[in-house]
Protein chains: 2
Amino acid sequence: MTDHDGPRFPPRGRRLVWVMLADEIAARIEDGTYPPESRLPAETEFTAEFGCSRESVRRAVKELRRRGLIETVPGKGSFVLPPEERHPQA
Amino acid sequence: MTDHDGPRFPPRGRRLVWVMLADEIAARIEDGTYPPESRLPAETEFTAEFGCSRESVRRAVKELRRRGLIETVPGKGSFVLPPEERHPQA
DNA sequence: GGAAATTTGTTCGTATGTATA
DNA sequence: TTATACATACGAACAAATTTC
């Protein structure tokens, strides 16, 4: 996520930015870095930390919602759902 | 590579809104228009004066924080730091 | 105490320009 | 051409901290 010296587009065989982001955040939820009920860092914070665009962050967050790991409240942020409240879509 | 070795954004010959804003506000701090300890105009006031979006204003304000010229207090506003208290980041 | 207004914080949606595969 | 990705920019709504009445 931090190798932006080369082309911005994922080289052959590499995963998409938003997928890597979603996996990374999901891993942090799994390992307790972002515990249940806690608020995730803001979109702008993720763009700063991962050095990617807001577009990619939002795609990742959307993916995490789809997986049922978080819920997003406009004006507040995205929150980690407790395991028992997770209802993955699709 | 053809003739596109310059910055990819913005288009050649155009300055960024938030950079112009940051420079303008910084100049006003320098010349005493916004003296030490004083509160800057609200974000919405800047959007009105400069005819730009709040996002651009916020980027400019963030840049001024980075330069160590101001500090921001949620619910209150941004305040001009006295020269001796300025600690630019990065 | 409480309600309203002000101000910053955050998200949502959208659009455009540039570049790469 | 289409999809991905980044940077910038606009507008809107809602939330939270603070101030004011």
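Per chain, numbering begins at 1; letters A, B, ... match sequence-line order.
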D:dA7 P sits how many Å from A:F46 CZ, rounded?
17 Å
Rounded off to whole Å, could you give me the CD-to-P distance for the A:E63 and D:dT4 pair?
13 Å
Here the distance between atom P of D:dT18 and atom CZ of B:F79, to the nearest Å, is 11 Å
Distance in angstrom units between A:L16 CG and D:dA3 P, rounded
13 Å
Donor-acceptor pair, A:E45 side chain versus A:A42 backbone, under 3.5 Å?
yes
Please tabulate, one pair per line, each protein N/O and nucleotide N/O from nucleotides 7-10 of chain C that are separated by under 3.5 Å, including the distance.
from, atom 1, to, atom 2, distance (Å)
C:dT7, OP1, B:R39, NH1, 3.4
C:dT7, OP1, B:R39, NH2, 3.3
C:dT8, OP2, B:E43, N, 2.9
C:dT8, O4', B:G75, N, 3.4
C:dG9, OP2, B:R58, NH1, 2.9
C:dG9, OP2, B:R58, NH2, 3.3
C:dG9, N7, B:R54, NH2, 2.5
C:dG9, O6, B:R54, NH1, 3.0
C:dG9, N2, A:G75, O, 2.9
C:dT10, O4, B:R54, NH1, 3.3

Starting from C1' on C:dG13, measure out to CD on B:E55 and report it in whole angstrom.
12 Å
Same hydrophobic cluster for B:F46 and B:W18, using side-chain heavy-atom links shorter than 4.5 Å among ILVMFWY?
no
Does B:R54 use its side chain to pair, donor to acceptor, with the backbone of B:T44 at less than 3.5 Å?
no
Under a 4.5 Å cut-off applied to non-hydrogen side-chain atoms, are A:P82 and A:E37 in contact?
yes
Gap between atoms NZ and C1', on A:K62 and C:dC12 respectively (whole Å):
12 Å
Which residue pairs satisfy the side-chain hydrogen bond (donor to acceptor under 3.5 Å, both in side chains) criterion with at least one member in residues 58-67 of chain B, sequence neighbours excluded?
B:D23-B:R67, B:E43-B:R58, B:E63-B:R66, B:E63-B:R67, B:R65-B:T72
Assert: residue with more 5' nearest nucleotide on DNA chain D, out of A:W18 and B:V19, is A:W18
How close or far is atom C1' of C:dT11 from atom CZ of A:R59, stated in whole angstroms?
18 Å
Applying the 4.5 Å side-chain criterion to the ILVMFWY set and letting contacts propagate, would B:F50 and B:I29 be lumped into a single cluster?
yes
Rounded interatomic separation in angstrom, taking CZ from A:F50 and P from D:dA7:
15 Å
